[in-house]
Student: 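Below: one structure in structure tokens.
Counting starts at 1 for both ligands and their atoms, in listed order. Just so you know, these numbers use all the heavy atoms, side chains as well, and skip hydrogens, waters and symmetry mates. As the structure is a computational prediction, the values presented were derived from the model and not from experiment.
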Amino acid sequence: MSHAFEPVTIGRYTARNRVVMAPMTRNRAYGPGASPTELMATYYAQRADAGLIITESTQPSPIGQGFPNTPGLHSPEQVEAWRSVTAAVHERGGLIFAQLMHAGRVGHPSLHEERAVPVGPSPVRAIGTVFTMDGPQEFVTPLPLDQAGIRETVADFAAAARNAIAAGFDGVELHGGSGFLLHQFLSTNANQRDDEWGGGVLGRIRFVVELAEAVADAVGADRLGLRVTPGAPYNDIVEDGLHDTYLALADALDPLGLAYLHVSEGSDTELAGRLRKHWNGTLILNPYTPDAHTGPESLKLIESGAADLVSFGALFMANPDLPHRLRLGGPFTAPDHSRAYGGDHEGYTDYPTLSAESAA
Ligand SMILES: Cc1cc2nc3c(=O)[nH]c(=O)nc-3n(C[C@H](O)[C@H](O)[C@H](O)COP(=O)(O)O)c2cc1C
């Protein structure tokens, strides 16, 4: 039986425990040209006791940006700025992967230079709104990626992954969920293509598989993870034949030897168990917790063998020393979601550790 506080293999690394900081967009990349700041270095370093930190969504290219003040990994300026973040985490002995996220059709022209129109698998507009500098705005109809556009997008991801390594990251995670570009290709509504990247299951998983292959070639499969959110309807996603899609994806990617598969579980709680059987590598689970957030009880999933590691979002936001608190069984500070997106250090770097709390 494995335990949450035992080391575990993540690709070429050994994580010191199995408590993962889940990726969380915090919209505080106020540095020039969508660069991270010293405040972000402090925030991540505070959480370096995690077995693995996965950063907030980071755009691999300007057109991939989906929200205001999110950081990128496509310019020398950004690479330089991220170095302070990775150095601060490494100084505390932590491991940190950058989450690469391309928003695809749910980006917005107002977030892009020269108001460039977002791209997607097909010219199908998502129903809903995107948060922009001018408040929520309706999604727009994306420009469909042609074959050259697909190749260019894949090349952008590979370049961003190389940039991540140059910036001192231990690896990258591809964001394959939450209705963003990869998820759009996997879906049965945003992807209406009738070429090799659409149609049946093998067509719809093809973009993600090709992307994983290209990024693995660029930085090594053992420094690459993939996050999926099967069945999550966020950003207007419909997935008919859910199990078939994700089991085929797992089967196609398993031979690559990725560092991990990160499953953010939805209401279909059978699927993660099935994926576990189709995946020989390391599995990180963000369990389904409707109307709540992942809590200490989820560590049992490691003991039962359902997952190798468990990722915590909200609880890690509010408890910088989360592994320590989990080991003691609490207490836990409640997250303040009103300060999640944007703002300053408040609700960001001012959550106390347990020792600071006791001293006070
Ligand atoms: C403020 C906030 C920002 C998030 N941003 C991201 C993100 O950038 N990428 C991602 O994959 N998931 C993101 N998520 C989802 C979390 O990684 C996680 O799956 C979700 O919070 C559920 O886990 P929890 O119950 O432990 O919080 C975000 C969640 C929160 C609360």
Side-chain angles (χ1 to χ4, degrees), residues 4 18-29 34 36 40 43-44 47 50-60 64-73 96-104 106-107 130-131 172-184 186 208 225-235 237 260-267 269 272 284-299 301 307 309-319 322-323 325-326 332-343 346-349 351:
R18 294 153 183 252
V19 177
V20 174
M21 179 177 169
M24 278 178 287
T25 291
R26 304 302 307 272
N27 309 82
R28 284 166 170 88
M40 288 169 60
Y43 164 75
Y44 284 113
R47 288 156 180 77
L52 171 68
I53 291 174
I54 304 162
T55 69
E56 62 210 274
S57 281
T58 299
Q59 55 268 11
Q65 183 162 1
F67 300 101
N69 299 315
T70 53
L73 259 168
I96 180 165
F97 276 37
Q99 187 185 56
L100 297 180
M101 184 282 264
H102 189 308
V106 296
V130 50
F131 193 79
V172 295
E173 173 177 288
L174 300 178
H175 193 345
S178 304
F180 299 118
L181 184 65
L182 280 65
H183 206 185
Q184 292 159 26
L186 295 174
V208 179
L226 170 72
R227 183 175 222 217
V228 290
T229 64
Y234 181 64
N235 281 324
I237 286 293
Y260 63 82
L261 178 66
H262 186 180
V263 179
S264 174
E265 191 178 39
S267 57
T269 51
I284 305 177
L285 190 62
N286 185 246
Y288 182 57
T289 51
D291 308 318
H293 51 64
T294 311
E297 66 290 345
S298 61
L299 295 180
L301 294 164
L309 302 96
V310 171
S311 67
F312 296 79
L315 218 51
F316 233 129
M317 167 162 44
N319 297 273
L322 185 61
R325 289 175 187 254
L326 286 170
F332 303 101
T333 305
D336 176 0
H337 286 281
S338 73
R339 296 186 192 278
Y341 303 109
E346 287 186 58
Y348 191 54
T349 53
Y351 285 110

Student: If you measure from the Lys or Arg side-chain nitrogens to the Asp or Glu carboxylate oxygens, is any gap between Glu346 and Arg339 under 4.0 Å?
Tutor: yes
Student: Considering only heavy atoms of Ala22, which atoms of ligand 1 have at least one such atom less than 4.0 Å away?
Tutor: 17 (O)
Student: In terms of residue, atom name and distance, what is the protein heavy atom nearest to atom 2 (C) of ligand 1?
Tutor: Tyr341 OH, 3.4 Å
Student: Would Arg26 and Tyr348 count as a cation-pi pair here, with the cationic atom under 6.0 angstrom from the ring centre and within 45° of the axis?
Tutor: no
Student: Is it the case that ligand 1 has an N or O less than 3.5 angstrom from some N or O of Glu173?
Tutor: no
Student: Within a strict 4.5 Å, meaning less than it, do heavy atoms of the Thr294 and Leu315 side chains meet?
Tutor: no
Student: What about the rings of Phe316 and Tyr351, do their centers lie closer together than 6.0 Å?
Tutor: no
Student: If you measure only the distance, is there a donor-acceptor pair under 3.5 Å linking the side chains of Thr70 and Glu56?
Tutor: no
Student: Ignoring hydrogens and geometry, is there a side-chain-to-backbone donor-acceptor pair from Thr55 to Gln99 under 3.5 Å?
Tutor: yes
Student: Any side-chain to backbone donor/acceptor pair from Asn319 onto Thr333? Under 3.5 Å, distance only.
Tutor: yes
Student: What is the nearest protein non-hydrogen atom to atom 14 (N) of ligand 1, stated with its residue, atom name and distance?
Tutor: Pro23 O, 3.3 Å
Student: Considering only protein heavy atoms, which is closest to atom 31 (C) of ligand 1, and at what distance to one decimal place?
Tutor: His337 CE1, 4.1 Å
Student: Does any part of the side chain of Tyr44, heavy atoms only, come nearer than 4.5 Å to the side chain of Met21, both counted from C-beta?
Tutor: yes
Student: Less than 3.5 Å between some nitrogen or oxygen of Ala292 and one of ligand 1, yes or no?
Tutor: no
Student: Measuring from the heavy atoms of Leu315, does anything fall under 4.0 Å of ligand 1?
Tutor: no
Student: Nearest protein heavy-atom contact for atom 29 (C) of ligand 1: which residue, which atom, what distance?
Tutor: Met24 CG, 3.8 Å
Student: For atom 22 (C) of ligand 1, find the nearest protein heavy atom and state the residue, atom name and distance (0.1 Å precision).
Tutor: Asn286 OD1, 3.2 Å
Student: Suppose I only count heavy atoms of Ala340 and a 4.0 Å limit; which atoms of ligand 1 are within that range?
Tutor: 1 (C)
Student: Looking at Ala314, which atoms of ligand 1 are within less than 4.0 Å of one of its heavy atoms?
Tutor: 24 (P), 26 (O), 27 (O)
Student: With sequence neighbours excluded, tell me which residues meet side chain to side chain contact (heavy atoms under 4.5 Å, CB included) with Ser267.
Tutor: Tyr288
Student: Can you find an N or O of Ser178 that's nearer than 3.5 Å to an N or O of ligand 1?
Tutor: no
Student: Could you find the nearest protein heavy atom to atom 5 (N) of ligand 1 and give me its residue, atom name and distance?
Tutor: Thr25 N, 2.8 Å
Student: Could you verify whether a donor N or O on one side chain and an acceptor N or O on the other, from Ser178 and His183, lie under 3.5 Å apart?
Tutor: no
Student: By number and element, which atoms of ligand 1 are closer than 4.0 Å to a non-hydrogen atom of Gln99?
Tutor: 7 (C), 8 (O), 9 (N), 10 (C), 11 (O)
Student: Please name all residues satisfying side chain to side chain contact (heavy atoms under 4.5 Å, CB included) with Asn235, sequence neighbours left out, ordered by chain then number.
Tutor: Val106, Phe139, Phe180
Student: For atom 25 (O) of ligand 1, what's the nearest protein heavy-atom neighbour? Residue, atom name and distance, please.
Tutor: Thr294 N, 2.8 Å
Student: Atoms of ligand 1 less than 4.0 Å from Phe312 heavy atoms?
Tutor: 26 (O)
Student: Check each atom of ligand 1 against the heavy atoms of Ser57 and keep those under 4.0 Å away; list them by number with element.
Tutor: 7 (C), 8 (O), 9 (N)
Student: Going by heavy-atom distance to atom 12 (N) of ligand 1, choose the closest among Met21, His175, Glu265, Arg227.
Tutor: Arg227
